[in-house]
Each structure stands twice: as structure tokens, then as C-alpha cells.
2 protein chains.
Amino acid sequence: MRRSIQKEKNSYHHGHLAESLLDAVDEIATRFGLEAVTLRACAKLAGVSPSSAFRHYADKRALLTAFATRALKQLSAAMADAKSHARIQGNNEFSAVGLAYVEFALDKPAFFRAMWREETIYTNDEEYIAAARQLSAHLQSGFADTIEDKDPNSFSPQEILAWSAVHGLANLFVEGPVGKGATKTEKLQLATEMIRTLAPALNSAE
Amino acid sequence: MRRSIQKEKNSYHHGHLAESLLDAVDEIATRFGLEAVTLRACAKLAGVSPSSAFRHYADKRALLTAFATRALKQLSAAMADAKSHARIQGNNEFSAVGLAYVEFALDKPAFFRAMWREETIYTNDEEYIAAARQLSAHLQSGFADTIEDKDPNSFSPQEILAWSAVHGLANLFVEGPVGKGATKTEKLQLATEMIRTLAPALNSAE
DNA sequence: TAATAAATGTACACACTGTTCACATATAAT
DNA sequence: ATTATATGTGAACAGTGTGTACATTTATTA
């Protein structure tokens, strides 16, 4: 049963406005980019007056924080998926997880931007922190069979390197000059090569 | 001879408003963050009316593009510096260049954010593209003695990897959850370790 | 069931933003 | 000296986030 973003006609209350506003951010960010996400536009899309948003979110930044949190969870899910698929098919799990990370950025650039933006979200929000923590856990577990880990609670240089490389490429694709004219397939190809190149650095003896 | 941002009193014309506006962006971004950079605030800081900015920049985005271009050049200069220092002292040049990259992000986070932001700058601006190209050239030349390169005009997987890793760590520091409570020294230490860990992947035979 | 409380949505207002346009003033060219 | 060009101004406009007093619906309780 899929609920509509819009408020039902002739009804005063919306019913699930908090979530619908997130859907509206989703829709607008996807179609017109993150800068086009405006509180009033979201409210209009939900069929509701602008000020009603403040019943559910303290301010715009709180709404964007909630959206970023949702995006983090989506990425986590995609990575978990990629990992289990790789496990079944006997492929390298780190490569699969890393590719899923880059692919998410390519498919949903606005989401990827939204979730790493200190200045537009509350990075000390509890749920956001929890989602970010879960994401890094997924990353770590994705590296698990590639990187020999000592302390699973802190990041080793190898893990930092792996995360940085994948995160950096995703960023260069989304915001930077890398792969400007290339197709998605070509970019993923490049990502695959990069990850393959990275491998020797990850399991070298200390 | 250092020129002031402010317009001289009792003078109608400013004299070097275009540059002063960039200085104003610099100042405000440094002190209050990128989101606080407003056209009106920049104009006020330059001692000039808001609309005067449009004599020099088509719109706010053009101003931010010019600022991003300037930031790119500053980063390029810092990297060139680091490289020649390393060469003199006989240290690893790639490590020095990579560290300079990360250090710039740590010292001037707002600048680092500003220069990679597709949605707030004109990434097809000529000068911006030129500056970005020069930056990547500096990166490549920094890697020169570490990575055996075939075609100096296109990026090899190793070069992409190196750039991604350094860029990714810088981003995770600036926007992400990595190194949240750590001092600058500790972060640079972490960067050094990451780069050292990366080394084996860069000069492995194909 | 009737009365009341709490939650949720609205209308209007406010300060602030980027931007435009007719106008003012200074500098350059003739 | 006159004219053209460059540069800065003031007032206006629509659009933004947000606060506040009010309206309406749902939940709670007597």
C-alpha cells in the first residue's frame, strides 16, 4: 500500500506529513537538484501550507537532517545488498561494497551531496549519527575479508584508506572534474579498476 | 602594498571592487562559513551598495565561481610549494603533495567546500576549468616520481586512486564523521599513515 | 455522551535574500 | 569641452525561512 505525498482533498489533516515532506525533498532534489529544495516547495508538493512543516521539523535544517539520515540508510541497505550478493556469487566483497558506494553517488547525486554537508544539516543529531555509524560499520564489514583487522571499533589506516578512496572517487564524480563526459558504465569501470589497484595496499603485512 | 577591502571614504568609485568582493567572500566564509556568504553582506563589507556587485559579476553564482577559482589556485600554489620543499629535503614528493592537499582542507574548510560544489558554481566557466586543470596537473607532477606514467595527458588508475584517496580523506575530515574530535596534528598524522599505506598500490607493476 | 485538552494545519506578517532598472557620478575618449 | 563609457546607488520586486495568533480536527476524560 503506497501512500501519496499529497494530502487527501477536503481533509484538514494530512495524516503522515512528516514522511511526506521527506518524500517531497526526495522528489525535488532528484528532479531539480538540492539547491531547489525549498520549504515552501515541499509544503506545496505535499498539498499543505508552508508553516505546517514546523509542526514536524524545528527548521529547514532539521528536515534536511532527516533526509540525510534516510539517505544514509538507503546507502547502507544498498551496500548490505551488494555484499550478500557478492558472498553468494563468490566475488570479492570489498569490491562489491565499494562499487555500490560509488554507484549510489552516481544514481542519486543529490542524495549523496545531502548526506555529507556539515553546513546544511545538524551533524550532531542522534539519528543522523546513528545512521552514519551504521554506514561505517557496513563499510568495515565489507572490508572484513580483505583487511586483517585488529580492533573492530576503531579504523585502521587500511580501512581509512579504503573508505577515503571510494568516498573520494564518488565525490570527484559528483562534484569534480573526473569522468565529466563519461557514461555511467565507464565510470563504474573506472571505479572497478581503481579498487583493483587499491587491493595490494589493503592486505600488505604491517 | 596591501589594498583595503573597504571603499575609501567620500569617494564614489571603489577602484578594485571585483577583487574586494572576493576578499569579502574570503573573510565571511572563513569567519562564519560558506552558508553565511551573502551578496549583501559582501557588499556591505566592501562598503558598497548591494547592486554594485552586478557590475562585476553576472550573479552570485559567478562570484562564487570566481572565488572557487581563486581557491583552486591557492591550493595549487600550496602543493607546488610542498613539492619543491620535499624535493630539496629529499622527502617523498607525493606524500608531501598529498599532505598539502589535506592540510589545505583542514585550514580552509570553507574554501575547500566552495571549490567543489557543482550546484553553487558554474563548473563550465573557462577560468574555473583552467584552474582545475592546473590543479590536476600539479597532482600528476606530484605523483611523477612515485607512479610510472605512460600517458601524461590522461589519468592512469593509479593516479585516480591517489587523487581519490587524498580527496576522499580531505572530504571525510571536512564534511564527514572521520577525525571529529581530533586535533589538526592528529589528523595530519592519520593522513600521513594513509598515504604510506597507499604507497604499495601506486608502484606495483601492471 | 459532553466537555475539554492536545495535536495538527492555516493566514498573515516580518526580516532577509538575489536581482532588476532607472538614475547618479566619475573616468575615458574625442 | 563635449560626449561616451564605466561604475556605483536607491528603490522596488518576488521568493525565502520563520514566528504568531487562530482554526480545525482528533484524543482524552468526566
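Side-chain atoms are counted along with the backbone in the values below, which use heavy atoms only and exclude waters and symmetry mates. A, B, ... follow the sequence lines: proteins, then strands. Residue 1 opens every chain.
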His85(B): partners by side chain to side chain contact (heavy atoms under 4.5 Å, CB included), with sequence neighbours left out: Asp81(B)

Quick check for you: to the nearest 0.5 Å, what is the distance between Leu135(B) atom CG and Arg133(B) atom CZ? 12.0 Å

Whole angstrom is fine here: how far is it from CG in Leu21(B) over to P in dT19(C)? 13 Å

Contact residues, residues 49-67 of chain B to DNA chain C [heavy atom, < 4.0 Å]: Ser51(B), Phe54(B), Arg55(B), Asp59(B), Lys60(B)

Side-chain donor/acceptor of Tyr128(B) to backbone N/O of Met115(B), under 3.5 Å: yes

Whether the side chain of Arg113(B) engages the backbone of Val174(B) through a donor-acceptor N/O pair (distance < 3.5 Å, no angle test) should be reported. yes

I need the CZ-P distance between Arg40(B) and dT20(C), as an integer number of Å. 13 Å

Sequence neighbours excluded and cut-off under 3.5 Å, please list the side-chain donor-acceptor pairs for residues 30-43 of chain A, or say none.
| residue | atom | partner | partner atom | Å |
| --- | --- | --- | --- | --- |
| Thr30(A) | OG1 | Asp26(A) | O | 2.7 |
| Thr30(A) | OG1 | Asp26(A) | OD1 | 3.3 |
| Arg31(A) | NH1 | Glu27(A) | OE2 | 3.1 |
| Glu35(A) | OE2 | Arg117(A) | NH2 | 3.4 |

Atom NZ of Lys44(A) and atom P of dG17(D): how far apart are they, to the nearest Å? 13 Å

Rounding to a whole Å, what distance do you find between Glu35(A):CD and dG18(C):C1'? 14 Å

Rounded to whole Å, NE2 of His16(B) lies from P of dG8(D) at a distance of 10 Å

Side chain of Glu159(B), backbone of Ser156(B): donor and acceptor closer than 3.5 Å? yes

Interatomic distance where CG belongs to Leu17(B) and C1' belongs to dT9(D) [whole Å]: 12 Å

